[in-house]
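Following: one structure in structure tokens, then a few remarks.
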Amino acid sequence: MSQPDQTLRDEAARLRAELDDANYRYYVLDEPTLTDAQYDGKLRRLQEIEAAHPVLVIPDSPTQRVGARPAEGFPEVEHALPMLSLDNAFNEAELAAFTQRVAERLERDADSLEFCCEPKFDGAAISLVYEDGVLVSGATRGDGRTGEGITTNLRTLRSIPLKLRGDNVPTLLEVRGEVIMSHSGFEKLNDRAREEDAKVFANPRNAAAGSLRQLDPRVTATRPLEFIAYQVARLEPDQDLATHSELMARLEHLGFRISPWLEQVTGGQGIIDYCRRLGERRDRLDYDIDGAVLKIDELRLQRELGFVARAPRWAMAFKFPAQEQTTRLRDVEFQVGRTGAITPVARLEPVAVAGVTVANATLHNADEIRRLGVMIGDCVAIRRAGDVIPQVVRVIEGARPEDAREIVFPERCPVCDSQIERLEGEAVARCSGGLYCPAQRKEALKHFASRKAMDIDGLGEKLIDQLVERDWVKTPADLYRLRVEDLAELPRMAQKSAANLAFALDHSRRTTLARFIYALGIREVGEATANNLARHFGNLSALMEASVESLEAISDIGPVVARHIHTFFRQAHNQNTLEDLQQVGITWDEVEMQPRVQPLAGQTWVLTGTLESMTRDEGKARLQALGAKVSGSVSKKTACLVAGEAAGSKLTKAQELEVPVIDEAGFLEKLQEWESANEEAET
DNA sequence: CCGCCTCGAGGTCA
DNA sequence: CTCGAGGCGG
């Protein structure tokens with residue numbers, strides 16, 4: 001193949017610059033400079049050159065926005081810094097409380113604090129990483145810690161720069177923001193879908209999120225997606241920027257689109273005014289927003305405030321009041337859960353609320369029905385609470401039809417006809433049928449098979465329904481006694497599916513004690529408690545024989561949970577099932593379950609000063625893993641004070657109270673010693 | 001709770 | 001082509 005001459009190289013470079021610039025002006029500044037035809041012409045010319053001379057193709061070329069090959073799946077991507085959620089404020093009082101809290105913590109006047117305010121777009125949160133100015137990775141939020149790598153899909157968004165603009169680009173930049181679809185883009189997309197008789201999307205948010213999960217980036221490329229940057233997670237070098245607003249301005253220069261209506265305001269009233277103004281223009285916007293985000297503008301103050309659990313203390317999300325719709329209550333059904341809990345579910349005339357069709361809503365319990373004073377046939381107000389769960393808010397006065405019927409809370413289980421019991425002081429009523437009740441049995445089996453329990457692949461709800469209805473399966477142990485020939489008789493189950501299920505069952509036999517305990521579905525014993533129990537007892541028989549007192553002695557297990565566990569193992573039918581399960585070959589490694597060494601159990605430690613080798617939080621976590629409590633202040637009960645560099649009053653106080661003090665070197669030495677003892681125990 | 005995507009498999013029809 | 005399961009995200 002011939003080498004491209006210099007003129008051609010220059011032309012390719014020029015075309016790339018022009019196309020990048022046109023993208024930026026169109027998608028970021030909203031000031032188109034080229035017509036579509038001009039843009040396409042230049043793009044095609046660049047494609048020709050690159051096709052003829054593949055050496056000229058570079059990853060950040062505008063022609064590379066559409067990755068050719070569909071992916072096989074999305075890789076896991078760990079976020080260098082977790083993507084946190086924000087605390088929510090639902091009214092102005094809660095906003096005021098936020099300002100107050102922040103002001104007090106900073107020991108500042110609330111009226112003088114500067115905030116940076118922006119709309120909260122309703123889309124899908126993502127994170128982008130640029131190294132030496134080039135986009136190298138893009139991922140979804142996921143659980144905040146790890147997300148899905150969707151880089152090739154994100155490359156197709158023309159508002160995401162493939163390389164940063166300008167000179168002086170940072171060596172490392174991680175940008176967070178929202179991928180959204182405008183109302184107009186959404187309408188156009190659905191019009192197109194209707195013409196082609198394809199599926200139409202329910203709302204812009206789902207269309208955006210769905211588009212990102214396409215395996216074929218060429219499909220994503222046809223979707224009108226936009227990216228709006230709202231946060232800098234990492235920036236190196238940090239360029240001496242003092243405020244969040246300055247960071248946003250910097251992002252804009254680097255080629256990102258930032259939130260329109262980004263404003264700096266002062267004081268609590270400034271925030272409230274901003275939220276009001278945004279609320280007023282909300283309906284006229286071409287984008288779905290569900291509130292505003294308020295951030296302390298000064299980065300120094302953000303650092304001072306730090307984080308609490310899963311959210312920064314320096315930011316708050318203001319949520320607009322949830323949209324309400326009215327519809328008719330057709331009927332109420334009573335569902336039976338895994339523990340027998342009876343839940344009344346409202347069957348509603350389907351109604352569109354905030355972009356989705358709602359046909360069901362939980363009424364929680366009898367008290368809630370009484371509180372609402374609702375009857376079947378009533379017109380009711382529905383809203384989607386806390387983002388998602390549909391809720392019956394109230395009955396619409398004066399709209400009750402003649403034939404409205406009272407909602408009668410049943411006295412007998414609608415599934416198995418056992419007595420329904422409601423304990424003194426409890427809101428929930430329960431079917432007393434236990435595992436005699438097919439509904440409870442189904443739920444228990446579903447739980448047993450679920451991913452975090454025995455992880456039986458392919459054993460879903462419908463299949464369990466059939467197995468229970470035919471009485472083929474009464475206890476989890478029966479699952480392992482099913483015969484492939486019988487399974488193959490079931491509808492939608494032929495040889496292949498039956499064999500797959502048999503394989504999955506077989507595969508699930510080897511598990512861990514923690515999973516097994518969790519799978520049993522003991523009330524109030526979730527994943528975390530099951531883990532605790534497994535670690536503490538190391539084997540099943542010790543757990544089965546444990547007294548209530550010895551259970552209560554375990555951290556995080558209180559009297560109620562201890563009693564549930566104890567009762568579970570005293571019941572004859574549970575004992576039989578456990579025996580059966582072991583008989584059908586459920587096994588786990590005993591060795592793995594050695595109890596952890598907790599040399600610091602019962603001790604309270606305090607950290608002060610700056611540690612060189614780790615953050616304060618990390619030190620705290622490591623101490624806690626060894627059983628210590630970590631507190632913020634020194635008292636005579638303090639077991640030991642770790643004094644880092646520039647320790648202050650805590651050190652003085654410890655000396656006064658004659659509390660033992662160690663320095664960082666001593667601390668590290670001790671940590672190593674204790675932690676290595678644990679590693680030995682665990683392997 | 002709801003919507004979306006993907007996959008494997010079953011069923012139907014030519 | 002349709003269904004069930006599984007996974008993700010808000």
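Throughout, a chain's letter reflects where its sequence line sits, starting with A, and its residues are numbered from 1. All of these numbers come straight from a predicted model, not from anything done at the bench.
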Original post:
Has the side chain of A:Asp506 got a donor or acceptor atom that lies under 3.5 Å from a matching backbone atom of A:Ala502?
Top reply: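 Side chain of A:Asp506 to backbone of A:Ala502, a donor-acceptor pair under 3.5 Å: no, none is there.
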
Original post:
Is there a donor-acceptor pair closer than 3.5 Å between any side-chain N or O of A:Arg313 and the backbone N or O of A:Val308?
Top reply: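 Such a contact is absent between A:Arg313 side chain and A:Val308 backbone.
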
Take the protein atom [atom1] of [X] and the nucleotide atom [atom2] of [N], then report the distance between them rounded to whole Å.
X: A:Asn203; N: B:dC4; atom1: CG; atom2: C1'; answer: 10 Å
X: A:Leu501; N: B:dA9; atom1: CG; atom2: P; answer: 13 Å
X: A:Asp143; N: C:dG7; atom1: CG; atom2: C1'; answer: 13 Å
X: A:Glu178; N: C:dG9; atom1: CD; atom2: P; answer: 12 Å
X: A:Glu148; N: B:dT6; atom1: CD; atom2: P; answer: 11 Å
X: A:Leu215; N: B:dT6; atom1: CG; atom2: P; answer: 5 Å
X: A:Met181; N: B:dG3; atom1: CE; atom2: C1'; answer: 13 Å
X: A:Leu490; N: B:dA9; atom1: CG; atom2: P; answer: 17 Å

For [X], report the nucleic acid contact type (base, sugar-phosphate, nothing); a contact means any heavy atom under 4.0 Å.
X: A:Thr140; answer: sugar-phosphate
X: A:Ala361; answer: nothing
X: A:Ala488; answer: nothing
X: A:Ala494; answer: sugar-phosphate
X: A:Gly355; answer: nothing

Subject >> First encountered from the 5' end of DNA chain B, between A:Gly210 and A:Ala359 >> reply: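 The 5'-side residue here is A:Ala359.
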
Original post:
Start at the 5' end of DNA chain B and walk down; is the nucleotide closest to A:Arg492 or to A:Phe201 reached first?
Top reply: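 Looking at the nearest nucleotide for each, A:Phe201 comes out on the 5' side.
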
Subject >> Residue among A:Lys120, A:His183, A:Arg205 satisfying side-chain hydrogen bond (donor to acceptor under 3.5 Å, both in side chains) with A:Asp288 >> reply: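 With A:Asp288 as partner, side-chain hydrogen bond (donor to acceptor under 3.5 Å, both in side chains) holds for just one option, A:His183.
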
Original post:
Between A:Phe186 and A:Tyr287, does the ring centre distance come in under 6.0 Å?
Top reply: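 Ring centres of A:Tyr287 and A:Phe186 not closer than 6.0 Å.
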
Original post:
Can we call the ring centroids of A:Phe320 and A:Phe90 under 6.0 Å apart?
Top reply: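 No.
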
**OP:** Check whether more than 12 heavy atoms from other residues, nucleotides or ligands sit under 6.0 Å from atom CD of A:Glu426, and answer yes or no.
**Re:**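 Yes, enclosed.
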
Subject >> Any strand: nucleotide that pairs with C:dC1 via Watson-Crick or wobble, under 3.5 Å >> reply: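 Paired with B:dG10.
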
OP1 or OP2 of [N] sitting under 4.0 Å from any side-chain N/O of [X]?
X: A:Gln214; N: B:dT6; value: yes
X: A:Asn360; N: B:dC2; value: yes
X: A:Ser211; N: B:dC4; value: no
X: A:Thr357; N: B:dG3; value: yes

Original post:
Counting side-chain heavy atoms from CB outward, which of B:dC1, C:dG10, B:dG10 is closest to A:Ala125?
Top reply: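 The answer is C:dG10.
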
Original post:
Out of C:dG9, B:dC5, B:dC1, which has the shortest distance to the side chain of A:Asn206?
Top reply: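 Side chain of A:Asn206 sits closest to C:dG9.
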
Subject >> Distance-only donor-acceptor check, side chains A:His507 and A:Asp457, under 3.5 Å >> reply: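 Not at all, the side chains of A:His507 and A:Asp457 share no donor-acceptor pair under 3.5 Å.
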
Subject >> Salt bridge A:Glu148-A:Arg213, side-chain N to carboxylate O under 4.0 Å >> reply: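 Yes, A:Glu148 and A:Arg213 are salt-bridged.
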
Subject >> DNA chain C-proximal residues of residues 443-473 of chain A, any heavy atom under 4.0 Å >> reply: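 Contacts with DNA chain C under 4.0 Å: A:Arg451, A:Ile456, A:Asp457, A:Gly458, A:Leu459, A:Gly460, A:Glu461, A:Lys462, A:Leu463.
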
